[in-house]
Amino acid sequence: MLEVKHLKVEFISHGKSIAPVDEVSFTVGANETVGLLGESGCGKSVTALSILRLFPLASKVRLSGSVTYQGRDLLTVDDADLRAIRGKQIAMIFQEPMTSLNPLQKIGAQLGEMLRMHTALSRSERDSKVIAMLQRVGLSRAEQLVNEYPHSLSGGMRQRVMIAMALLCDPGILICDEPTTALDVTIQAQILDLMRQLKQEQGTSILMITHDLGVVAEMCERVIVMYAGQVVEQSSVRDLFDAPAHPYTQALMRARPALDATPGQRLTAIPGSVPPPGMAGAGCRFAARCAKADDICREQMPALTEVASGHLARCWYPN
Ligand SMILES: Nc1ncnc2c1ncn2[C@@H]1O[C@H](COP(=O)(O)OP(=O)(O)OP(=O)(O)O)[C@@H](O)[C@H]1O
Ligand SMILES: [Mg+2]
């Protein structure tokens with residue numbers, strides 16, 4: 001469905017370039033939910049933004065590698081083609097819905113505009129489709145909501161509106177960048193349920209970006225673990241939880257609260273922090289934080305290699 005190959009993203013400023021995403025490769029299959037997991041700053045959002053080339057206007061970006069969707073490389077299609085693909089074939093949901101909703105436009109008009117751009121439906125067909133979609137994502141007052149502005153909605157409702165907008169044109173792939181991080185846990189569970197249900201009904205593939213192992217366990221079939229701009233592990237969700245191969249993935253698992261933990265028991269935080277782009281040495285980028293690291297780890301970059309069938313890890317000493 002979607003194949004990202006050797007994706008490298010470089011931001012250029014003052015004649016220097018930094019690469020927060022460095023040779024990242026992965027695929028998202030038909031009807032599959034793939035998790036993109038990693039700590040803050042490891043390049044998850046930049047990866048997602050480069051798929052649709054949605055960078056802030058002011059940033060100077062150089063993209064290399066390829067992002068193939070339905071036989072076409074999205075990194076090289078022209079702007080008009082890309083606009084036709086955005087929203088229609090590949091839709092995106094962000095962590096903070098207010099960044100993608102226009103505060104000055106009523107909900108109904110924003111969703112209607114999406115359909116006007118991408119379909120040949122008449123005004124009244126668009127209106128009824130918008131209301132039907134808002135109802136489908138669990139917004140009960142849909143007829144009134146279309147006449148309201150985004151700021152009058154709660155965070156959970158806004159995220160539902162975003163999901164409605166994303167699914168309106170029946171996209172083949174939905175890219176979700178931390179879609180529930182800003183919501184409280186009960187609303188988060190409702191939104192994840194809704195996404196699972198809609199995925200079943202609509203057969204959409206999902207790329208789910210998260211730093212939350214719980215979201216991965218609940219939503220995904222496969223998972224890509226990123227660290228400092230690189231893929232460090234890739235496997236089925238089951239294999240990742242049963243036998244994490246990379247010390248970074250193992251550390252992420254230890255850093256999250258267990259259900260059977262005794263009260264007061266401390267979590268094992270990962271010491272140190274993700275090296276900013278360009279600051280990692282020549283060796284494994286996790287070496288400075290890894291208990292297993294020795295000279296070879298600090299000096300030579302390990303390749304992403306198969307440790308079991310369908311299970312890849314970038315480590316000199318995988319589990
Ligand atoms: N437009 C930009 N110009 C320059 N650097 C950028 C730009 N956008 C992101 N970066 C840098 O790229 C790196 C990766 O950022 P990214 O937002 O992809 O991380 P992330 O994994 O999504 O983290 P989080 O979990 O906090 O969302 C960071 O060091 C960030 O400062
Ligand atoms: Mg992010």
Side-chain angles (χ1 to χ4, degrees), residues 2 4 6-26 28 34-65 67 74-75 90-100 155 159 162 166 174-183 188 191-192 195 206-217 219-220 223-234 240 246 248-249 251-253 255-256 269-270 272-281 285-286 288-289 314:
L2 181 77
V4 173
H6 306 303
L7 176 68
K8 185 167 184 179
V9 184
E10 290 164 281
F11 290 111
I12 298 147
S13 81
H14 306 296
K16 280 197 221 136
S17 86
I18 55 156
V21 173
D22 194 2
E23 297 271 329
V24 163
S25 301
F26 62 90
V28 182
V34 176
L36 191 57
L37 179 76
E39 274 170 294
S40 190
C42 68
K44 305 181 298 292
S45 294
V46 171
T47 301
L49 293 173
S50 41
I51 294 173
L52 289 173
R53 287 193 259 146
L54 285 172
F55 295 104
L57 275 177
S59 43
K60 270 185 91 182
V61 190
R62 183 159 55 215
L63 294 168
S64 45
V67 175
L74 301 184
L75 297 189
I90 304 180
M92 199 154 169
I93 298 175
F94 298 93
Q95 171 175 352
E96 176 39 66
M98 282 314 270
T99 57
S100 4
Q159 204 52 293
M162 279 306 302
L174 189 58
I175 301 174
C176 305
D177 193 352
E178 313 255 11
T180 58
T181 315
L183 304 172
Q188 166 167 351
I191 297 281
L192 292 179
M195 292 185 64
I206 300 179
L207 179 63
M208 177 66 88
I209 297 176
T210 181
H211 60 258
D212 186 339
L213 275 162
V215 170
V216 168
M219 299 290 293
C220 304
V223 60
I224 321 284
V225 184
M226 275 186 82
Y227 186 78
Q230 295 179 317
V231 175
V232 294
E233 183 157 4
Q234 182 175 325
L240 193 90
H246 198 286
Y248 175 59
T249 315
L252 284 179
M253 303 240 176
R256 87 194 185 111
I270 310 177
S273 55
V274 185
M279 297 305 282
R285 293 184 181 177
F286 188 61
R289 304 171 75 189
R314 187 189 289 280

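Every number for a ligand or one of its atoms is a count from 1 in the order of the listing.
- Residue Glu39 touches ligand 1 through its backbone alone, judged by heavy-atom distances below 4.0 Å.
- The closest approach between a heavy atom of Gly38 and any atom of ligand 1 is not below 4.0 Å.
- Taking any N or O of Thr47, backbone or side chain, none lies under 3.5 Å from an N or O belonging to ligand 1.
- Listed for the Ser17 side chain is no donor-acceptor partner under 3.5 Å among the backbone atoms of Ile12.
- No part of Pro276 comes within 4.0 Å of ligand 1, judged by heavy-atom distances.
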(Q) Apply side-chain contact (heavy atoms from CB on, under 4.5 Å) to residues His246 and Val225 and explain how you reach the verdict. (A) CA-CA 9 Å; His246 198 286; Val225 184; over 6 Å; no

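- Looking at atom 5 (N) of ligand 1, its nearest protein heavy atom turns out to be Phe11 CD1, 3.4 Å.
- Ranking the protein heavy atoms by distance from atom 26 (O) of ligand 1 puts Ser40 OG, 2.5 Å first.
- Interatomic distance, Ile209 CD1 to Leu49 CG, rounded to the nearest 0.5 Å: 8.0 Å.
- When only interatomic distances are considered, the shortest N/O to N/O separation between Cys42 and ligand 1 falls below 3.5 Å.
- Rounding to the nearest 0.5 Å places OG of Ser50 at 7.0 Å from CG of Leu75.
- Among all protein heavy atoms, the one lying closest to atom 28 (C) of ligand 1 is Gly41 O, 4.2 Å.
- In terms of protein heavy atoms, atom 29 (O) of ligand 1 is closest to Pro277 CD, 3.3 Å.
- Panel note: side chain Arg62, backbone Lys8; no donor-acceptor pair is recorded below 3.5 Å.
- Without hydrogens or angle criteria, Lys60 side chain to Glu10 main chain gives no donor-acceptor distance under 3.5 Å.
- For ligand 1, the atoms closer than 4.0 angstrom to any heavy atom of Ser45 are 17 (O), 18 (O), 20 (P), 22 (O), 27 (O).
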side-chain contact (heavy atoms from CB on, under 4.5 Å) assessment of Gln234 paired with Ile224:
CA-CA 5 Å; Gln234 182 175 325; Ile224 321 284; 3.8 Å; yes

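- Rounding to the nearest 0.5 angstrom, the gap separating the CG atom in Asp212 from the CE atom in Met219 is 11.5 Å.
- Residue contact check for ligand 1: Gln95 places no non-hydrogen atom closer than 4.0 Å to it.
- A side-chain contact (heavy atoms from CB on, under 4.5 Å) with Val46 is found for exactly one of Val9, Val61, Val24, Leu7, namely Val9.
- Closest to atom 15 (O) of ligand 1, if we only count protein heavy atoms, is Val46 CG2, 3.9 Å.
- Among the backbone and side-chain atoms of Ser40, no N/O/S atom is found under 2.8 Å from the Mg ion (ligand 2).
- Within 4.0 Å of atom 2 (C) of ligand 1, at least one protein heavy atom is present.
- Each of the following atoms of ligand 1 lies closer than 4.0 Å to a heavy atom of Pro20: 12 (O), 13 (C), 14 (C).
- The nearest protein atom to atom 25 (O) of ligand 1, hydrogens excluded, is given as Lys44 NZ, 2.8 Å; this is a heavy-atom distance.
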Problem set entry | Trace of the side-chain contact (heavy atoms from CB on, under 4.5 Å) decision for Leu207 with Ile51 | CA-CA 11 Å; Leu207 179 63; Ile51 294 173; 4.0 Å; yes

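- For atom 31 (O) of ligand 1, no protein heavy-atom neighbour is found at a distance under 4.0 Å.
- Here is the list of ligand 1 atoms found below 4.0 Å of a heavy atom in Glu178: 25 (O).
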**Message:** Could you go through Gln159 and Thr180, starting from their C-alpha distance and side-chain angles, then the distance that decides it, and tell me whether this counts as side-chain contact (heavy atoms from CB on, under 4.5 Å)?
**Reply:** CA-CA 8 Å; Gln159 204 52 293; Thr180 58; 5.6 Å; no

